[in-house]
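Okay, so here's the structure we're looking at.
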Amino acid sequence: MNKVNNNDLPVANNFIRNIITEDLKTGKHTNIITRFPPEPNGYLHVGHAKSICLNFGLAQEFKGKCNLRFDDTNPEKESEEYVKSIEETIKWLGFNWDGEVKHASDYFDKLYEFAVYFIKQDLAYVCDLSAFEMREYRGNLTEAGKNSPYRTRSIEENLTLFQAMKNGEFADGSKTLRLKIDMSSPNINLRDPVIYRIKRASHIRTGDKWCIYPMYDYTHSISDALENITHSCCTLEFEDHRPLYDWVISHLVTAGLLNSHPRQIEFSRLALQYTVTSKRKLNELVQLGLVSGWDDPRMPTLVGMRRKGYIASGIRLFATRCGVSKSPNIVDVPFLESAIREELESKAPRIMAVFDPLKVVLTNFDQGATSRNASFHPQCDELGERLVELSQEIYIDQSDFLIDAIPGWQRLVLGGEVRLRHSYVIKCHEVIKNRAGEILELRCSIDLNTLGKNPEGRKVKGVIHWVSIPHAVKANVRLYEQLFTEVQPDNAEDGRDFKEFINPNSLKEVSAFIEPAIKTAKPEQVFQFERVGYFVADMKDFNATNNQFVFNKTVSLKDGWK
RNA sequence: AGGGGAGUCGCCAAGUGGUAAGGCAUCGGAUUUUGAUUCCGACAUUCGCAGGUUCGAUCCCUGCCUCCCCUGCCA
């Protein structure tokens, strides 16, 4: 962890960097081009953050380029909504792609032309097998497949048929174009893979121009080559596809149709404890109303994390710390949270907020100061200061008072003293209870000689936060816990559905009394509520001018007590 | 079972034929008007297991075990 890229992130060594360094050293490449190729069929999640940081990060570090390319080859699943969100999220994360946004669909003509080439080389044929039949012919993991009866069609017939497919002369699903490779290959991806299917669906970019669409493997390899990608990084499940990736490109390079051969490199996906990241499952959570939407702060989506107050630099730090390898992994939640805290530490203004109010009457308040300037951050003066006002009646948190002290207790106790943060040391003289014995309020006196200095002759160790009742602003705060109660909700030993592990306490809405300084906050601004945690003004619901003070809990502070 | 991968501290993760980086977590201790931050210190005689080669192996060889991925006209 010593080098630094444009985002000022430390760079950890990994096998992909080693490959690039070597390629640059040997002169195989003089500069690199990577790419981030999402399909616009959903919202980006933490796993994508890893890939984004890797691809864009590599380009930055080695002064290369990184393209954003939408892999839009399956119109049925794709939409403009996702395109917009993906672009926005990448920018929010702090990255910029090189040049214009690219699309696999930009290459549809090229892809068609190359398919014709493969047919002419007798390396592709139109197949009439139904989906069911094709599955039968494919064989299985241990048995070889058998050749399609259509495999021997003449080049001329294939040419005619493929054109007819393109012209819409056949029904959806009635024919496919397949590469002629090897039906007995132990690698199933090489058993005459389908590269074109007939699908009458309107495409977000090409509309109804096409009724045949190219498949992923065929499209991706060619798109990478056309963009002169040098290193095509993807996740481990594509390892088996690499031979096909290379097969397609090699043939086209040999034919002089393509002039570069990108290298596909696979790394392991990022998995996080207590969550799921499969698009299908995430979508289920949204559709079933188990969460409020894709941007629900409990979601592992990047829009969700953003709404929770996870700042981009924190996510980048997290991704970098996770590293890149081929080992299976399930990252600890504290690992993520510590990266977020670390980035928030120096950026979040401190403010006081009381969640479970306990009224305290300061009996000799009339002799004290009514307000005091307090820094927004104990170490970073540049964050400025605000006026903290004191009055006779204040709230402290119930958890900061005990009638009788317990071992190690550093907070207020009957007869004891404690420092009010940014203010006086107070001493509790009396506890007022109702008939039921519940504590209603405390009577305390302030030590007038302790403003900005320690009392003489004794040490008051405890410091608690508080808020002046007449000045306090009441806010709604949403407290979050993990969405699931299981470490791996989608991998239960007994095969139970992930939704059975939804945490019933994952969202709790409470109110809090906060210092009036909160009134000038803007949506998406993160604060540290001292001694409690980091909280963000909700992007959508926080509206100071309408007195709607809505906060989401981002992450707790580390707590050494207990 | 066929093919492709992976197994280094509780969680990530470097590393190399020469005697195990770092981060998170954890545990001590110092400072502190946040039990936060910061700062010190501790934390794998050991690298899935068993053999072999070697002066020497986590790194090389052999065998075994465990886990992941692959039988979409998804990506």
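Residue numbers begin at 1 in each chain, while the letters A, B, ... track the order of the sequences.
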If you check the A:Trp561 side chain, which of B:rG35, B:rA25, B:rU34 turns out closest? B:rG35
Can you find an N or O donor on one side and an acceptor on the other, under 3.5 Å apart, linking the side chain of A:Arg411 with the base of B:rG35? yes
Using the C1' atom as the reference point in each nucleotide, state the distance between B:rU26 and B:rC68 in Å, no decimals. 29 Å
B:rU38 base to A:Gln379 side chain: any donor-acceptor pair below 3.5 Å? no
Rounded to whole angstrom, note down the P distance from B:rC69 over to B:rG28. 40 Å
Should A:Arg321 and A:Glu342 count as an ion pair when the cut-off is N to O under 4.0 Å? yes
Just to be sure I understand the rule, does A:Thr219 reach a base, reach only the sugar-phosphate, or reach nothing, if contact means heavy atoms closer than 4.0 Å? nothing
Check every atom of B:rA1, B:rU26, B:rG5 against the side chain of A:Lys326 and return the nucleotide holding the closest atom. B:rG5
Can you find a donor-acceptor N/O pair under 3.5 angstrom joining the side chain of A:Arg419 to the base of B:rU33? yes
For B:rA20 and B:rU46, measure between their P atoms and round to the nearest Å. 11 Å
Residues forming a side-chain contact (heavy atoms from CB on, under 4.5 Å) with A:Thr275, sequence neighbours excluded: A:Leu272, A:Pro300
Just to be sure I understand the rule, does A:Gly462 reach a base, reach only the sugar-phosphate, or reach nothing, if contact means heavy atoms closer than 4.0 Å? nothing
Pairing partner of B:rG2, by Watson-Crick or G-U wobble and under 3.5 Å for both distances, is B:rC70
Test item: A:Asn55 and A:Asn67 side chains (from C-beta on) under 4.5 Å apart, heavy atoms: no
Treating primed atoms plus P, OP1 and OP2 as sugar-phosphate and everything else as base, which nucleotides of nucleotides 66-75 of chain B get B, S or - for protein heavy atoms under 4.0 Å? ---BBBSBBB
Using the P atom on both, measure B:rU58 against B:rC9 and round to a whole Å. 15 Å
Which part of the nucleic acid does A:Gln410 contact within heavy-atom distance under 4.0 Å: base, sugar-phosphate only, or nothing? base
N or O in side chain of A:Arg531 less than 4.0 angstrom from B:rG35 OP1/OP2: yes
Whole-Å P distance, B:rA14 and B:rA21: 15 Å
If you define the side chain from C-beta out and look only at heavy atoms, does anything of A:Arg269 sit under 4.5 Å from A:Glu237? yes
What are the two closest heavy atoms between A:Asp72 and A:Phe108, and how far apart are they? O-CZ, 3.7 Å
How long is the line joining CG of A:Asp559 and P of B:rA25, in whole Å? 14 Å
Considering all heavy atoms, the nearest A:Cys428-A:Val413 contact: CB-O, 3.7 Å
What is the pairing partner of B:rU46, taking Watson-Crick or G-U wobble pairs with both distances under 3.5 Å in any strand? none
Considering only atom P, compute the distance from B:rG48 to B:rA30 and round it to an integer number of Å. 40 Å
What is the nucleic acid contact for A:Leu451, judged by heavy atoms within less than 4.0 Å: base, sugar-phosphate only, or nothing? base
Using the purine O4'-C1'-N9-C4 or pyrimidine O4'-C1'-N1-C2 torsion, is B:rG72 syn (within 90° of 0) or anti? syn
Check the angle between the aromatic planes of A:His241 and A:Phe238 and answer parallel, tilted or perpendicular using the 30° and 60° thresholds. perpendicular
B:rA13 phosphate, OP1 or OP2: any side-chain N/O from A:Asn329 under 4.0 angstrom? yes
Between B:rA1, B:rA6, B:rA36, spot the one nearest the side chain of A:Glu345, thanks. B:rA36
Ring centres under 6.0 Å, that's the criterion: do A:Phe70 and A:Tyr82 meet it? no
Searching all strands shown, indicate the nucleotide that pairs with B:rC24 (Watson-Crick or G-U wobble; both distances under 3.5 Å). B:rG10
Under 4.0 angstrom, heavy atoms only, what part of the nucleic acid is A:Thr450 near: base, sugar-phosphate, or nothing? base
As an exercise, state the distance from OG of A:Ser278 to CZ of A:Phe498, rounded to the nearest 0.5 Å. 7.0 Å
Name the closest nucleotide to the A:Asp332 side chain, picking from B:rG10, B:rU34, B:rG15. B:rG10
Heavy atoms only, 4.0 Å cut-off, all strands: where does A:Gly145 land among base, sugar-phosphate and nothing? nothing
Taking RNA chain B as the partner, which of residues 264-271 of chain A come within under 4.0 angstrom of it by heavy atom? none
Please state the P separation for the pair B:rU8 and B:rC67 - nearest whole angstrom. 15 Å
Side chain of A:Lys558 (C-beta onward), nearest among B:rU32, B:rU26, B:rA13: B:rU26
List the steps, then state whether ring pair (Phe, Tyr, Trp, His ring centres under 6.0 Å) holds for A:Tyr196 with A:Phe162. CA-CA 9 Å; A:Tyr196 267 95; A:Phe162 186 48; 5.3 Å; yes
Under 4.0 angstrom, heavy atoms only, what part of the nucleic acid is A:Val460 near: base, sugar-phosphate, or nothing? nothing
Criterion ring pair (Phe, Tyr, Trp, His ring centres under 6.0 Å) against A:Phe355, the qualifying member of A:Phe513, A:Phe551, A:Phe535, A:Tyr395: A:Phe535
Can you tell if the side chain of A:Ser221 reaches within under 4.5 Å of the side chain of A:Trp247, non-hydrogen atoms only? no
State which of B:rG35, B:rC24, B:rU32 makes the closest approach to the side chain of A:Val463. B:rG35
